[in-house]
Structure formats: C-alpha cells, structure tokens
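All values reported here derive from a predicted model rather than from experimental measurement.
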Amino acid sequence: MAKQTSGKSSVVASADPMIRSNQPHAVASKPNGKSPVPSFNELEVLLFKDVSLGPHEAELRFRLIHFWEARIPIKKTLIGLEMIPIDEEGTVIQGFVPPGRIKKYLPDLRQGCLYRLFNFYGSKSKAVFRVAFGSVTVSFSHNSELKVLESSPVPFIEDRFRFHPYEEFESNCDLRGDLYDVVGHLKVVNGQALSIRPFVDEAEVAMTRRMLVHVQTYEGPVMKLYLWDQAAMDFCSKFNSSESTPTVVLVTTVNPKRLGGTLALTSMSSSCVCRDNLL
C-alpha cells in the first residue's frame with residue numbers, strides 16, 4: 001500500500017518494470033479488407049502519467065480501487081459511472097464510463113480486480129470534486145474493450161490514500177475542489193460517546209441514510225463527519241459487526257464544508273468506508 005500524508009506520498013513501485021516494445025505494431029485486417037486495425041495484444045501499454053488528451057489506440061493495465069454511479073444532486077439524474085484505478089507505478093487517475101455504455105462494462109467490474117483496457121479517450125478532468133490528481137480523465141469510448149488481467153509480471157498496490165492535516169481541510173473549505181481522505185479517532189457516534197459502546201439502529205440508518213460521527217485527526221481538533229447514503233450504511237454495518245468497539249475510522253474522498261460557522265466533512269457518492277480500516 002502507498003499512502004500520502006500531509007501532502008507527501010510514499011509509493012511502492014516494482015523493481016522489475018513491464019517490458020514494452022518500441023517496434024511497429026502488428027495489425028490485423030478488418031473483415032471487409034478495407035483498412036487494418038491493431039491487434040489488442042500488440043497495442044502499446046501506457047502508464048497513467050503518459051495519458052494525454054484525445055483518442056488512444058493503446059492499452060492500460062490497472063487495479064480498480066473503487067467505482068460508483070455519478071448523479072446530479074436532487075434530481076438524481078445518472079451522469080455516468082466514475083472510477084478510481086491505480087497503475088503499476090502507484091499513480092491514480094479518474095476513469096469515466098458514459099451512461100449509454102454502463103450496461104456493457106458494469107457486469108465485469110469488481111473492486112480490487114486487475115484489468116486491461118484497450119482503446120480509450122483522454123478527456124479533460126472536471127474542475128470540481130476531484131478524486132485524483134492530474135488533468136486527464138480516462139473515458140471509455142465506442143471502441144473500448146475491457147478484459148480481466150489474468151496474470152501480471154509486476155505487482156499492483158491495493159490502494160493509495162490522500163491524507164492531509166486539519167489546516168489543509170480548513171484552507172480548502174467550500175472550494176469544491178480536491179476531495180481528500182480522512183483517518184481519525186472516533187469520539188462520538190450519532191450523539192453517543194464511546195465510553196460505553198453506542199447503539200446504532202440499522203433500521204433508522206437505512207431509512208434516513210445518514211449518520212453523524214465526530215473524529216479527531218492526528219494533532220488536530222475534533223471535526224464533525226457527516227456520512228450519507230452508502231457511506232452511512234457501510235459505516236453502520238462495519239461498526240455493528242465489529243467484536244470490540246471501533247475507535248478509528250478511514251473514509252475516502254470527503255468534502256470540507258463550513259456548516260453553522262464550523263468546519264465539517266461530508267461524504268460524497270465517491271466516498272467509501274474502507275474495509276479493514278474501521279478498528
């Protein structure tokens with residue numbers, strides 16, 4: 001695993017990089033014989049850092065960290081399927097599947113699995129609520145093909161977190177820019193202190209689809225963390241299934257906002273309560 005703390009990152013990289021050929025690609029003819037097309041197995045393998053704007057007849061190899069439906073707030077209109085993949089160098093990029101292509105790819109998507117993506121389009125990353133650094137998003141195009149990577153000569157790390165101190169949450173408050181991950185000690189869960197194990201009513205959470213917890217980051221003040229929808233359900237399930245009272249929580253891609261004059265963190269549709277990190 002590679003983590004980023006206080007804006008600094010530590011990436012686990014392979015000492016045995018993937019071998020790439022600089023020779024001209026082999027091609028296969030289309031059935032009508034009019035024009036040749038590259039064979040998937042002969043396409044150039046790109047790293048995320050090499051992805052530029054525009055169409056690419058190339059291959060990407062990555063681990064899928066997380067994916068979710070992106071919807072317009074209030075109206076809940078489906079925008080598409082967004083994802084966070086990570087490549088062999090530990091670089092994270094944002095991925096996007098347009099709504100008309102979701103049915104083609106969704107059945108094969110599994111969190112944590114390795115994939116090969118052939119042919120894609122490099123589109124400009126959105127300016128608000130960014131879940132990854134970089135100015136390019138990998139978009140699935142009309143001729144994209146996604147296959148499971150059965151075996152890999154190099155390891156892919158499982159995740160990469162973007163941790164920042166309280167001061168950076170404060171400075172980015174209400175800017176609707178980068179979404180950072182937060183890890184902290186639990187202090188209060190739905191108004192109940194942890195001196196005695198709190199009772200979390202799953203039926204109530206399922207109905208309201210929200211939870212409020214208080215967390216304290218390292219050497220920082222206590223902050224309110226509002227969990228909505230799936231993040232609230234996941235927290236509730238993990239909290240109640242823990243044998244001992246959980247004291248630490250890790251939630252990804254939270255949005256810093258000022259509510260009632262006080263800095264608070266809110267979960268987004270991209271947020272998840274990480275597995276094995278509710279301790």
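With 3.5 Å as the limit, one finds no donor-acceptor pair spanning the side chains of Ser135 and Ser125. Side-chain N/O atoms of Gln230 and Asp234 include a donor and acceptor closer than 3.5 Å.
For the atom pair CD of Gln111 and CE of Met83, the computed distance is 11.5 Å after rounding to the nearest 0.5 Å.
Results of the side-chain contact (heavy atoms from CB on, under 4.5 Å) test with Phe156 over Ile65, Leu149, Ile86, Leu64 single out Leu149 as the only residue that passes. Of the candidates Phe140, Phe120, Phe67, Tyr105 forms a ring-ring contact (aromatic ring centres under 6.0 Å, His included) with just one, namely Phe140.
Val51 is listed as a side-chain neighbour of Leu60, based on a closest heavy-atom distance under 4.5 Å.
A salt bridge is absent between Arg210 and Glu204: the closest approach of a Lys/Arg side-chain nitrogen to an acidic carboxylate oxygen does not fall below 4.0 angstrom. At a threshold of 4.0 Å, the pair Glu145-Lys147 does not count as salt-bridged, since none of the basic side-chain nitrogens sits closer than that to a carboxylate oxygen. Taking the charged nitrogens against the carboxylate oxygens, Arg162 and Asp181 have no contact shorter than 4.0 Å, which rules out a salt bridge.
The cationic atom of Arg197 (NZ for Lys, CZ for Arg) lies less than 6.0 Å from the six-membered ring centre of Phe239 and within 45° of the ring axis.
Between Val136 and Ser52, the closest heavy-atom pair is CG1-O, 4.0 Å. In terms of heavy atoms, Ser139 sits closest to Ser144 at O-OG, 4.5 Å.
Using a 30° and 60° split on the angle between ring planes, Tyr180 and Phe169 fall in the perpendicular class, above 60°.
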